[in-house]
Amino acid sequence: MGSVDYHLVLRALLGAPTECGDTGIIRTYDSQCFLGLVDALGHGKEAYRIACLAHDYLERNFHDDLVMMMKGLHEHLKGTRGIVAALCRMDINTGELLYVGVGNICVKIMGPRAFTFVPRDGIIGYVIPTPCEQHRRLYSGDTLVMYSDGIREHFDPLDCAGLFSGSAQSIASGLLRQFGKKDDDASCIALRYTT
Ligand SMILES: [Mn+2]
């Protein structure tokens, strides 16, 4: 039996949560954990409105197959300025992890088998390639992080060695604090897996 500790942080560039174009959702059900992170293009009230549309869609459809979900999200957001998003589902018992991503949301496994998923290029709601599902496995002690481009993409794990030994909450808020940029909304999900 595995268990997960997870946390989501959001920070609006303009301060007000109702002007944040980044959003995220984490849902556990049966032995599954669904995680989605969204960055609506631009920022401010219009980005927030689109992020809410995406959030509502994910809230209603998080049980779906990830490729279907990405296609559905694309249809749902047509006519808006669009978003980028990463969708993950893990099996808490086996550690099996599925990923589908379009656009610049960074998704990494931190641990002895460090791995970075490669998203497909595109803007969901505008033009996307055929979504493609990637599979990995989390092992006990691994941490999954997902973050938008409001957080520096590359950082040296040595600069934050202590960070990854804490709780999911301290990892997510620590990444935002240490590597958050000053010119965009920012969001981060951290998930720690133990068996
Ligand atoms: Mn952004």
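Note that ligands are numbered from 1 as they come in the structure, with each ligand's atoms numbered from 1 the same way. All values reported here derive from a predicted model rather than from experimental measurement.
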If we ignore hydrogens and angles and just use 3.5 Å, is the side chain of R152 paired with the main-chain N or O of Q178 as donor and acceptor?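 Answer holds: no.
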Those residues that, when tested against [X], pass ring-ring contact (aromatic ring centres under 6.0 Å, His included) (two or more places apart):
X	value
F179	F155
Y139	none
Y193	none

Suppose we call two aromatic rings close when their centres sit under 6.0 Å apart. Are Y29 and F34 close by that rule?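 They do not qualify: ring centres at least 6.0 Å apart.
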Minimum heavy-atom separation for A47 to L41, with atom names?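 So the minimum-distance heavy-atom pair works out to CB-O, 3.7 Å.
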Under-2.8 Å neighbours of the Mn ion (ligand 1), protein N/O/S atoms only: 3
